[in-house]
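This report refers to the structure that appears directly beneath it.
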Amino acid sequence: MSQDELRVSCGGAAAVVPKDGTYLDVKKALSWKNDVLMVLAGGEPKELRSKVEGDCEVVPLTFDDERARWALRHTASHVLAQAVKRLYPGVKLGIGPAIEDGFYYDFDPETPFVPEDLEKIESEMKKIISENIPVIREEVDREKARKMFSDMGETYKVELIDELPEGSTITVYRQGEFADLCAGPHVPSTGFLKAVKLLSLAGAYWRGDEKRPMLQRIYGTAFMTQDDLKAYLDKLEEVKKRDHRRLAKDLDLFSIQEEGGPGLVYWHPKGALIRELIEDFWRKEHRKRGYEIVYSPHIAKLELWKTSGHWDWYRESMYAPMAIEDVEYLLKPMNCPFHILMFKNKTRSYRDLPMRLGELGTVYRYERSGVLHGALRVRGFTQDDAHIFCTREQLEDELVGVLELAQFMLATFGYDEYECMLSVRDPENKAKYVGDDESWALAQSALEEALKRKGLAYKVDEGEAKFYGPAIDIKVKDALGRLWQGPTIQVDFNNPQRFDITYVGEDGMKHQPVMIHRTVLGSMERFVAGLVEHYAGAFPLWLSPTQITVIPITEKFSGYAEKVADTLRREGFRVNCDLGHEKMGYKIRQAQMEKVPYMLVVGAREEENGTVAVRHRAGGDLGAMPLESFVAQAKEELDSKSLEPLVKPGA
RNA sequence: GCUCACAUAGCUCAGUCGGUAGAGCACAUCCUUGGUAAGGAUGAGGUCAUCGGUUCGAUUCCGAUUGUGAGCUCCA
C-alpha cells in the first residue's frame with residue numbers, strides 16, 4: 001500500500017482510497033447503497049463529502065440514525081430555502097433547522113406567503129432535487145462571510161454571524177446558486193432527497209423573541225421513501241382522528257361556548273359522568289393513603305395573595321382584582337394559600353404531621369388568547385391538588401408515597417411509560433430562588449432519593465425549578481407515543497416561611513413544617529382530554545358513559561330486552577335499551593359510533609334460552625351466552641377497571 | 001399578545017364572478033318487524049359569527065370585533 005493511500009475498514013470489509021479521497025469514495029469502494037447518508041469515522045460523525053483523515057474504521061449511517069436523519073432533513077430545509085429564493089428573490093432568510101419529525105425554515109417575505117404558495121414552492125423543491133445539485137461545504141473567515149451575506153441583503157444572517165463566538169469556524173454551504181450560513185452537516189447533494197413534503201405555514205418570532213419581527217415559518221418533512229412519507233402522513237391523520245376536540249364533539253363530552261368566553265369548559269352529561277367517575281376514584285385512592293379532602297373558596301382578599309407571593313410572581317396570569325365593599329379580592333389561580341390557612345387555623349403538633357390536604361380545586365388563570373387549545377389549555381380548570389405538611393425527616397417518605405400514588409393511578413388509566421425530570425435551580429443564578437442552600441440541598445436529595453427508591457430513571461433539568469423549591473415533573477407516554485405533562489411534585493420551603501406556619505415538636509418548641517405541592521392528574525380538563533386521545537374515544541368499561549346497549553331484533557322482543565336491561569341496571573351497569581324501530585344493523589352502527597363497549601342483541605333464540613348475543617365494540621360478535629355469565633364477566637371487567645374486555649366468546 | 005388562515009342548518013361540507021342559499025348525516029312523523037356497522041317516504045330546521053362601510057341591493061367586496069385553527073411564547 002502506497003503512502004498516497006488510506007486504508008478504511010468497515011466491519012469485515014476494507015477499502016483503499018486515495019489520500020485526498022472522501023467518504024463518497026469509501027462509499028463507492030465498499031459498494032454502499034444510496035441509503036447511506038453519513039458515516040461514523042473513528043466514532044465521529046462525518047459528512048460523506050468530507051475528506052478521509054487517515055486510516056480508520058467507518059460505520060455507514062442511514063436514515064435510522066438520528067444524526068443522518070437530521071442531516072437529510074437539514075438539507076431539505078436548504079432546498080426549501082433555495083426554492084423560495086428562486087421564486088421570490090426578495091425574501092430574507094432566517095434560520096432553517098431539522099426538528100423532531102421534519103424541518104422548517106423561517107422567512108421574511110416582502111409579501112406574506114399564503115397556503116397556496118406551498119404547492120408552488122414544493123414543486124420548485126422537486127425540481128432542485130431532480131437537478132441533484134452538489135452540496136459543498138466551505139470555511140470562510142468572519143469578514144468574508146459578513147460581506148457575503150450583507151451583499152445578499154441577508155440581514156438576519158449577518159446578525160447571526162456577529163453573534164458567533166470569537167474564533168469559531170464559520171462555514172457556508174453552497175448548492176448551485178444558493179448559499180447559506182450553516183454549521184452542517186448535510187448530505188452530499190440535493191438528489192439524496194427522495195420524499196419531501198411541505199406541511200404548514202405559521203408565524204414565528206425571529207429568535208423566538210416576541211419583541212423582534214415576526215417571520216413566516218414553513219414546516220415540512222422528508223423521508224427516504226414515498227412509502228415512509230405516506231406512513232408518516234397517515235400517522236398525522238390518526239392523530240387528527242383522535243383529536244379530543246373532534247371526539248369530544250362527536251361523543252358529546254364537553255364544549256367551549258363562544259357566548260361564555262374562551263378557555264372555559266362546559267362538561268356535558270357524558271363528559272361530566274366520566275369526570276365524576278375519575279374524581280370518585282381519585283378521592284377513594286387519596287383517602288386510602290391518609291389524605292383528607294377539603295374545599296376552599298374561589299376568591300380571597302388580595303392581601304392573601306400578597307402574603308403568598310402570587311401577587312409579585314404570578315400577577316400576569318391572574319384575573320384582575322374585584323372590589324367588594326372596598327376590599328379587593330382575587331379569583332384563585334392556585335389552591336395552596338387556602339390549604340395553608342387551614343393548617344394555620346389551630347396549633348399543630350408534630351403528631352398531626354404529615355397532614356395531607358387534598359382538593360379538587362377549580363382555579364382560574366388568565367392565559368394569553370393565542371395559547372388556548374381545546375380542553376388542554378384553558379382558563380378555568382380543576383386541579384387534583386394536594387398539599388402535604390410534614391417535617392424535614394418525613395419529607396422523603398412522603399415523596400415516595402406521592403410517587404407510589406401517581407404510579408398506581410396512572411397505571412389504572414393505562415399509562416405505563418414515563419419520563420421523569422428532576423427540576424433543580426440554576427447553580428449560576430441562585431439569586432432567582434428563595435431559601436438557603438441547606439434547604440435546597442435537603443429538598444433535592446429527598447426528591448432524588450424518592451425517585452431512586454421507586455426505581456424511576458430521571459434526567460436533571462437545571463434552572464427548571466420553581467422559585468420556591470425543586471420539583472419532579474413526570475411526563476407520561478400515551479398510546480401514540482406522545483408525551484403529556486403528568487404528575488408534578490414540588491418541595492416548598494418558602495410558603496411556610498411567608499405564612500409563618502409552625503408545629504409544636506416533641507421538644508415543645510416551634511418548628512416550621514415543609515410543604516409539598518403535588519398533582520397527579522394535572523387538571524380534570526387536561527387529563528380527560530388526554531384520555532380521550534389516549535383511548536381514541538373508546539373508554540374502558542368502567543369509564544364508558546354507556547356501558548351496554550341492549551338491542552332487540554324486533555319490537556316483539558322489547559319486553560325481553562327491557563328485562564335484560566333492568567337486570568343489568570340492578571347489577572350496577574349503565575345501560576341503554578334501544579327500542580327504536582330501526583333495523584338491528586342500524587342500532588349496532590349507532591352503538592359502535594358511540595363506542596359503547598358491549599351490545600347485547602336479543603331475539604327469539606335468546607328469549608327462549610334466557611341468553612344474550614354479545615357483541616364487543618372491538619372484538620365483534622362473541623356469540624350467545626347466558627345472561628348471568630355475561631354479567632359475571634362484565635362485572636369482573638368493571639370492578640377491576642380492566643383496560644381490556646374480559647367477556648369471552650360464549651359456547 | 002403576535003403572524004397567517006378560517007367562520008354557511010345540531011354535525012361534516014357545497015354554493016353565490018354581489019340579486020337573502022343547498023347536500024349527506026342527525027332530528028320529527030309515517031311505512032317497514034328486519035340476526036351483527038346505514039331499509040324507505042315525507043317533513044321541519046339557516047337574519048350565511050357580530051357590528052359597521054361600499055352598493056339600487058352584501059351571506060358574497062372592504063374594515064373592525066368576537067371565536068376557532070397552525071405556530072411563536074407560555075403552562076395544570
Side-chain angles (χ1 to χ4, degrees), chain A residues 94 104 106-109 112-117 199-219 240 243 245-246 249-250 252 255-263 314 316-317 333-335 361-385 473 484-488 517-527 529-530 551-558 581-594 599-606 613-617 619-624:
Chain A
Y104 68 80
D106 285 345
F107 301 100
D108 188 358
F113 295 133
V114 294
E116 294 75 62
D117 292 334
L199 297 171
S200 63
L201 183 62
Y205 295 110
W206 170 236
R207 320 208 68 181
D209 181 347
E210 60 187 276
K211 291 184 191 66
R212 305 218 212 191
M214 173 69 73
L215 307 181
Q216 271 193 302
R217 176 170 297 178
I218 296 178
Y219 284 92
K240 226 162 132 186
D243 191 313
R245 292 165 297 184
R246 165 89 266 127
K249 202 182 263 185
D250 288 348
D252 200 14
S255 64
I256 292 173
Q257 301 287 332
E258 183 170 350
E259 290 95 325
Y314 208 72
E316 75 287 355
S317 296
M334 294 187 190
N335 304 300
T362 303
V363 298
Y364 292 87
R365 298 182 187 173
Y366 169 72
E367 299 279 357
R368 302 162 97 196
S369 59
V371 304
L372 300 175
H373 180 85
L376 290 176
R377 192 71 190 275
V378 292
R379 285 180 173 161
F381 55 94
T382 301
Q383 282 183 306
D384 70 305
D385 209 358
D473 288 297
W484 297 73
Q485 179 61 57
T488 69
H517 304 243
R518 43 111 291 173
T519 168
V520 174
L521 308 177
S523 78
M524 298 314 295
E525 285 72 10
R526 182 177 284 180
F527 189 74
I551 299 173
I553 287 200
T554 77
E555 276 173 38
K556 268 184 271 172
F557 307 106
S558 47
H581 49 214
E582 305 291 344
K583 284 171 82 165
M584 182 197 61
Y586 182 87
K587 293 179 184 176
I588 287 175
R589 181 162 195 273
Q590 293 302 309
Q592 281 290 145
M593 293 201 305
E594 277 180 49
M599 287 151 261
L600 303 185
V601 177
V602 295
R605 297 201 291 269
E606 288 74 21
V614 182
R615 180 192 166 92
H616 185 260
R617 67 182 169 205
D621 192 353
L622 302 178

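Every chain is numbered from 1 and lettered A, B, ... according to where its sequence line falls, protein lines coming before strand lines. Because only heavy atoms are used, hydrogens play no part in the values below, and waters and symmetry mates are left out as well, while side chains stay in.
- Scanning for side chain to side chain donor-acceptor pair (under 3.5 Å) contacts around A/Glu210 gives A/Arg368, with sequence neighbours left out.
- Every residue two or more places apart in sequence or in another chain was checked for a side chain to side chain donor-acceptor pair (under 3.5 Å) with A/Gln485, and none qualifies.
- Checked against salt bridge (charged side-chain N to carboxylate O under 4.0 Å, His left out), A/Glu525 has the following partners two or more places apart in sequence or in another chain: A/Arg275.
- Taking A/Tyr219 as the reference, A/Arg217 meet the side chain to side chain donor-acceptor pair (under 3.5 Å) condition, with sequence neighbours excluded.
- For A/Arg379, there are no salt bridge (charged side-chain N to carboxylate O under 4.0 Å, His left out) partners, not counting sequence neighbours.
- Checking A/Arg615 against A/Gly208, the closest nucleotide of RNA chain B that is more toward the 5' end is the one next to A/Arg615.
- For A/Arg245, the salt bridge (charged side-chain N to carboxylate O under 4.0 Å, His left out) criterion is met by A/Asp243, not counting sequence neighbours.
- Close approach of RNA chain B to chain A, defined as any atom under 4.0 Å from a non-hydrogen atom of the protein, starts and stops at B/G1 to B/A76.
- With the 3.5 Å cutoff on both pairing distances, Watson-Crick and G-U pairs in RNA chain B assemble into runs of at least 3 at B:1-7 with B:66-72, B:10-13 with B:22-25, B:27-31 with B:39-43, B:49-53 with B:61-65.
- For A/Thr488, there are no side chain to side chain donor-acceptor pair (under 3.5 Å) partners, not counting sequence neighbours.
- Comparing the C1' positions of B/U36 and B/U29 gives an interatomic distance of 28 Å, to the nearest angstrom.
- Closest heavy-atom contact between A/Thr519 and A/Asp384: OG1-OD1, 2.6 Å.
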